[in-house]
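Step one of this worksheet: look at the structure below.
The shown structure was predicted, so the numbers you read here are calculated from the model rather than taken from an experiment. Residue numbers start from 1 in every chain, and the chains themselves are labelled A, B, ... in the order their sequence lines are given, proteins ahead of strands.
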Amino acid sequence: MKSAVVQLPGLNRDRDMIAALTKISGTAPVTVWQTETDLPDVDLIVIPGGFSYGDYLRCGAIAARMPVMQAIKAKAEAGVKVLGVCNGFQILLEAGLLPGALMRNASLKFVCREVKLEVANAETDFTRAYDKGQIIRCPVAHHDGNFFADAETLAAIEGNGQVVFRYAEGTNPNGSINDIAGVMNAKGNVLGLMPHPENLIEAAHGGSDGRGLFASVLDVIAA
Amino acid sequence: MIKARVTVTLKNGVLDPQGKAIEGALGSLGFDGVGGIRQGKVFDLELATADRAKAEADLKAMCEKLLANTVIENYTIALA
């Protein structure tokens, strides 16, 4: 699998993502700087977590207007898979590649802990390695992960199976509507989620529940 | 030059945890009967033009493209 990891000032989880992609796919991803508009030919583009542009204005707002995002939008329209984790999810929402918005956590506190996630849709290119309804462990670390969408949008994404992950067993850490932790676009090739699957992929992490997400994409591409 | 002020506020129906916390803090300071607090943002801008219609059109585009997230926020534009 050929992958790319986007780098922007203030993103700081890129190294974790590069390590996870390298270990799981066997090939190191190429890195793409925010000003690049000619993207390499890859199967998966990942926007990692962090605090792009210091979370100024709104989380992900400035990053979403950088030149690389126009190029990613074009790639997504062409069917290339795009994954955004944490700040990457916020950037995809701000760029209009995913529906909804992420607000300040209901508790107003930064949360850094492990949560349980329910795989709400196991028929996506990102979740085929899991079973529907499977509960997995996953770390979260964010201040603005409180997913919101208006009633009409919410009904649409719920109806289309675009809600891919939900916080399970009372572990919703941020007040997200319908316990939503991750959503995809209608076409199913762009996924954003607040939790960090790249941080739970091997024994040294204390578990490998996050591995399935990357393994799913790998399988789809190999098939 | 035209001076302008853009005000961005949360749409009705969007929860505002920060507004709620501010409301609670005001209550604890003894300000009773304060409710419905919504936190917003104000941007003061200077535009290098004398054309008010152009300024207004540009500001609207700035709000739509960056200053507001229209999924959750409304904006108003005022020229000085």
**Message:** My understanding is that only one of Asp16(B), Leu15(B), Leu10(B) makes a side-chain contact (heavy atoms from CB on, under 4.5 Å) with Met103(A); could you say which?
**Reply:** Leu10(B)
**More than 12 heavy atoms of other groups within 6.0 Å of Lys187(A) NZ** = yes
**Request:** Look at atom CZ of Phe110(A) and say whether more than 12 heavy atoms of other residues, nucleotides or ligands are closer to it than 6.0 Å.
**Result:** yes
**Message:** To the nearest 0.5 Å, what is the distance between CG on Asp150(A) and CG on Asn12(B)?
**Reply:** 13.0 Å
**Item:** More than 12 heavy atoms from other groups under 6.0 Å of NZ on Lys116(A)
**Value:** no
**Message:** Looking at Glu123(A), I want to see if its CD is surrounded by more than 12 non-hydrogen atoms of other residues, nucleotides or ligands under 6.0 Å.
**Reply:** no
**Toward chain A, the part of Val8(B) with a non-hydrogen atom under 4.5 Å** = neither
**Complete:** Taken to the nearest 0.5 Å, the spacing of Arg58(A) CZ from Leu66(B) CG works out to 6.5 Å
**Message:** What part of Gln39(B) gets within 4.5 angstrom of chain A, counting heavy atoms only: side chain, backbone, both, or neither?
**Reply:** neither
**Request:** Locate the shortest heavy-atom distance separating Ala106(A) from Pro17(B); write the atom from each residue and the value.
**Result:** O-CB, 3.8 Å
**Prompt:** What part of Arg65(A) lies closer than 4.5 angstrom to a heavy atom of chain B: side chain, backbone, both or neither?
**Reply:** side chain
**Request:** With rounding to the nearest 0.5 Å, note down the distance linking NZ in Lys41(B) to CG in Leu57(A).
**Result:** 5.5 Å
